[in-house]
Amino acid sequence: MSDSATPATPAKLDFIREIIAEDLAAGKHSTIITRFPPEPNGYLHIGHAKSICLNFGIAQEHAAVNARCHLRFDDTNPEKEESEYVESIKADVQWLGFEWGENLYFASDYFQFFYDCAVRLIQDGKAYIEQDSAEEMRVKRGNLTTPGTHSPHRERAVEDNLALFARMRAGDFQEGECVLRAKIDMASSNMNLRDPVLYRIMHAHHHNTGDAWCIYPMYDFAHPLEDALEHVTHSLCTLEFENHRPLYDWFIENCPVPCKPRQIEFARLNLTYTVMSKRKLLQLVQEGLVGGWNDPRLPTLSGLRRRGYPAPAIRDFCKRIGLTKFNSTTDVALLEFEVRDFLNHSSPRRMAVLDPLKVVLTNWAAEPLDSVVVANHPQNPAAGERAVPVSGELWIERDDFMEDPPKKFYRLGPGRHVRLRGGHIIRYVSHDKDAAGNITRIHAEILPGTVGVDTPAGVECRAAIHWVDAATGVDAEVRLYDRLFSVEDPDAAEGGFTSVLNPASLTTVTAKVEPALAAAEPGFACQFERIGYFVADSVDHQPGAKPVFNRTVALRDSWGKQAGR
RNA sequence: AGCCUCAUAGUGUAAUGGUAACACCCCGGAUUUUGAUUCCGUUAUUCUAGGUUCGAGCCCUAGUGAGGCUACCA
C-alpha cells in the first residue's frame with residue numbers, strides 16, 4: 001500500500017543510485033544535488049512524475065548528507081512559455097508530495113551569466129557570429145554520413161565577433177539575421193557537435209525577464225551552465241539527450257563554471273493506451289477533444305488528481321516501474337493496480353446504484369426499521385459504522401436481477417433469495433414488465449430477523465447486493481471514465497487521434513446514492529460497494545446541489561469476466 | 001548510410017562470472033454479508049551465432065531487432 005507505510009524497505013539500487021552511492025563512497029561529493037527542470041510550456045503528466053520521484057526521491061534518501069533537489073524552470077524560450085504553467089507545475093509537484101524549500105530557480109535568472117560565458121567563449125576563439133541563414137546552416141551541416149563544411153564566418157576575428165555579439169544583444173539585428181555558434185567540429189559523427197547554435201535573436205516578451213533581452217540561449221548551452229551554477233552533482237535526464245552529453249561536457253570544460261555536474265540518462269515512461277507528449281496533449285486540449293488540461297481522462301497530474309488517483313499510489317507506481325535505459329512500455333494495468341491497492345485500504349465504503357431497478361417489499365410491515373448499521377470499511381473496524389436509512393421500497397442494480405438466470409448466477413431471480421448488504425435477506429415474489437417487455441419493478445419479501453445475522457439454515461443465499469433506499473436516496477451525476485484511446489499505442493494511429501478515440505471514454509449516468517453523499521465535500525473519495533472507487537468532482541461537485549462523482553477506477557469483477565458482461 | 005544507446009516470462013524490473021527471481025496481467029482453488037479484499041496455487045523467461053572460462057544473463061566479437069541524432073525547440 002502506501003509508500004509511507006513501508007519506509008524501511010531496502011529497495012534495490014537502480015543504476016543511477018548505484019553511481020551516486022559509488023561517488024559518495026569515493027568521496028567525490030560531500031552532498032548530492034539533483035534537479036527537476038521542466039520547461040513551463042504545458043502541464044505535468046505521469047511521465048514527469050517518474051522524473052520527480054527520481055530526483056526528489058534521491059534527495060530524500062540522502063538526507064543524511066543534506067542532499068536536496070531543486071525545482072528549476074527551464075524557461076529559455078519565451079515563445080512557448082507562460083506563467084500559468086509555472087503555477088500549475090508548482091502545484092502538481094507539491095501535490096505529488098515533494099518540497100523544494102528554498103531551491104526554486106528560473107533559468108532566466110541566469111541570463112547575464114550565460115551571456116558572460118558566451119563572451120568568454122568568443123574571447124577564447126571558441127565561438128563566432130554566424131550570418132548564414134538557417135537554411136544555409138542546415139545545408140552546410142552535412143548529414144548523418146557526410147561531414148559538414150565550414151562557414152565563411154567561422155574564422156572571423158575575435159574583436160569582430162565581440163562587436164557583433166554586443167550588437168546582437170543591443171537589438172541591432174532582426175530575428176534570423178545572425179546567431180552565435182560554438183566552434184567545435186563540423187566533421188563530428190555526432191551532429192550536436194557540428195558548431196551548435198548558442199544564442200538566437202528573439203524580439204519577444206519573456207514571462208520573467210520581460211523585454212530585458214532580445215537574445216536567448218539554446219538548451220544545450222544553457223542547461224549545463226544552469227546545473228553547474230546550482231552545484232548540481234547529478235543531472236538526470238531522458239534518453240534523447242544521450243547524444244547531447246559530449247556537448248554538455250564541452251560547455252562545462254570551456255566555460256568558467258564552479259563545478260562539474262554529471263549528466264546521466266534514463267528511459268522515459270511510456271504507458272499503454274496513453275499519449276504522453278506535451279505537444280500531443282496540447283493538441284487534445286486545443287482541438288477540444290477533451291475538456292482541458294485537467295480532464296480526468298488525461299494522464300496529466302491535474303487530470304489524475306481530479307480523477308481521484310491518490311498521490312501515494314502514483315509514487316508507489318513510480319517505484320515499481322524501475323529505472324533503466326531500456327525503451328519500454330509499461331502496462332497501465334500496473335498503475336491501476338496501485339490505485340486500487342491504495343484506495344482499497346483508504347476508502348470508506350458507500351452505497352450507490354448506477355442503473356436503478358425498483359424493488360417493493362410486500363411484507364415490509366413485518367419488520368419495519370428506520371435504518372440499518374453498515375460498516376464503513378469491513379477490514380478496518382476503526383473506520384466505524386454508519387446508519388443507512390431503509391424503507392419498504394428500494395433501488396437495486398438492474399444487473400442484479402435476472403429473469404432467467406444461469407446456474408452460477410448467485411443474485412436475485414425467480415425463486416431466489418439475496419442479501420441486501422447490511423440488511424435483510426429478501427425472497428423474490430414477482431416482477432412487472434412494461435409493454436416493451438422491459439422489467440420495471442420487482443416485488444419481494446423480507447425474511448424477518450435476518451438483519452445482522454448469518455443466513456438461516458435451509459435458506460440458500462450466496463450473495464449480498466448493494467442497494468439504495470427509495471424514500472431517502474438522492475439522484476447523483478456519475479461520470480464513468482474509460483480509456484481515452486481504443487488502441488494500445490495511440491501514437492502509432494493512422495489518421496490521427498480522432499480515429500482512435502474511445503467513444504466510451506466518458507459515460508454520464510444518473511444514479512441513486514445514499515443520502516449522506518449529498519453532503520460530501522469536493523474531493524471526497526469512497527468506494528461504491530461492488531462497483532468501484534469514486535471521488536466527488538473537485539470542480540463540479542457542490543454540497544447542497546446535485547452530487548457529481550467521477551469513477552476513479554472500477555473494481556475487479558471476476559463474475560463479469562466469466563459472464564462476458 | 002554513419003555515430004550513440006539498449007535487448008531477461010505476455011508486461012515491467014532483479015540476479016559479487018556460480019541453482020534465473022519479484023511484481024503486474026492471465027488462469028485455477030480456499031475464505032467472504034462487496035463475484036472486491038485476503039490467502040494458496042498453475043503456466044511461462046536470458047534475441048541469434050561464435051569466442052574466453054571449470055563455469056556466461058553478466059566478459060569479448062559479429063549479426064539481428066528496437067530507440068535516438070541531420071531545430072535559430074526542450
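On a predicted model such as this, the values are computed, not experimentally measured, just so you know. In what follows, every chain begins at residue 1, and chains take the letters A, B, ... in the order their sequences are listed.
A gap of 16 Å separates the C1' atoms of B:rU46 and B:rG10, to the nearest Å. A distance of about 13 Å separates the P atoms of B:rC22 and B:rU43, rounded to the whole Å. Taking the P atoms as reference points, B:rG12 lies 14 Å from B:rG67, given to the whole Å. To the nearest whole angstrom, the two P atoms, one in B:rU48 and one in B:rA7, are 14 Å apart. Using atom P as the reference point in both B:rU45 and B:rA21, the two lie 11 Å apart (nearest Å). Only the C1' atoms considered, B:rU31 is 8 Å distant from B:rC39, to the nearest whole Å. B:rC3 and B:rU8: their P atoms are spaced 24 Å apart (whole Å). Only the P atoms considered, B:rG57 is 15 Å distant from B:rG51, to the nearest whole Å.
Across all strands shown, A:Pro246 has no heavy atoms under 4.0 Å from either base or sugar-phosphate atoms.
At whole-Å resolution of the value, CZ in A:Arg416 and P in B:rG35 are 15 Å apart. The distance between atom CD of A:Glu265 and atom P of B:rU5, rounded to the nearest whole Å, is 10 Å. The nearest whole Å value for the distance from the CG atom in A:Asp316 to the C1' atom in B:rU13 is 16 Å. One interatomic measurement links the two molecules: CG of A:Asn270 to P of B:rA7, which rounds to 16 Å at whole-angstrom precision. If you measure from atom CG of A:Leu193 to atom P of B:rG2, you get 20 Å, rounded to the nearest angstrom. Taking atom CG of A:Leu354 as the reference point, atom P of B:rU34 lies 19 Å away to the nearest angstrom.
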Can you list the steps and then say if A:Ser235 with A:Arg35 is a side-chain hydrogen bond (donor to acceptor under 3.5 Å, both in side chains)? CA-CA 7 Å; A:Ser235 179; A:Arg35 103 265 97 111; 3.1 Å; yes
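For A:Arg349 against B:rU34, a side-chain N or O and a base N or O form a donor-acceptor pair under 3.5 Å. The base of B:rG35 is paired with the side chain of A:Arg411 by a donor and an acceptor separated by under 3.5 Å. Taking 3.5 Å as the limit, the base of B:rU38 and the side chain of A:Gln379 contain no donor-acceptor pair of atoms between them. In terms of polar N and O atoms assigned as donor or acceptor, the side chain of A:Arg419 comes within less than 3.5 Å of the base of B:rU33 in a complementary pairing.
Once the 5.5 Å centre distance and the 30° plane angle are applied, the aromatic ring of A:Phe326 is found not to be stacked with the base of B:rA7.
With respect to A:Glu529 and A:Arg350, no salt bridge is recorded, no charged nitrogen being found less than 4.0 Å from a carboxylate O.
Taking the six-membered ring where tryptophan is involved, the planes of A:Tyr105 and A:Tyr110 are tilted, since the angle between them lies from 30° to 60°. Ring planes of A:Phe36 and A:His48: perpendicular class, angle over 60° (limits at 30 and 60°). Between A:His207 and A:Phe106, the ring-plane angle classifies as tilted under the 30° and 60° cut-offs.
A residue-by-residue look at A:Ile321 and A:Ile531 shows that A:Ile321 has its nearest nucleotide of RNA chain B further toward the 5' end. Mapped onto RNA chain B by nearest heavy atom, A:Gly452 and A:Thr145 fall at different nucleotides, with A:Thr145 at the one closer to the 5' end.
Residue A:Arg462 places its CZ atom among 12 or fewer non-hydrogen atoms of other residues, nucleotides or ligands, all under 6.0 Å distant.
A donor and an acceptor atom, one from each side chain of A:Ser108 and A:Asn208, are located under 3.5 Å apart.
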Determine all donor-acceptor pairs shorter than 3.5 Å in which one atom belongs to a side chain in residues 144-151 of chain A; sequence neighbours excluded.
| from | atom 1 | to | atom 2 | distance (Å) |
| --- | --- | --- | --- | --- |
| A:Thr145 | OG1 | A:Asn143 | OD1 | 3.2 |
| A:Thr146 | OG1 | A:Asn143 | N | 3.4 |
| A:Thr146 | OG1 | A:Asn143 | OD1 | 3.1 |
| A:Ser151 | OG | A:Glu130 | OE1 | 3.0 |
| A:Ser151 | OG | A:Glu130 | OE2 | 3.0 |
| A:Ser151 | OG | A:His153 | N | 3.0 |
| A:Ser151 | OG | A:His153 | ND1 | 3.3 |

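A:Tyr428 does not carry A:Arg416 over the face of its six-membered ring by the limits of under 6.0 Å from the centre and within 45° of the normal.
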Please, what dot-bracket string fits RNA chain B when only Watson-Crick and G-U pairs with both distances under 3.5 Å count, crossing ones use [ ] and pairs to another strand use |? .((((((..((((....[..))))..((((.......)))).....(((((..]....))))))))))).....
Between protein and nucleotides 67-74 of chain B, map the contacts as a letter string: B base, S sugar-phosphate only, - none, heavy atoms under 4.0 Å, written 5' to 3'. SBBBSBBB
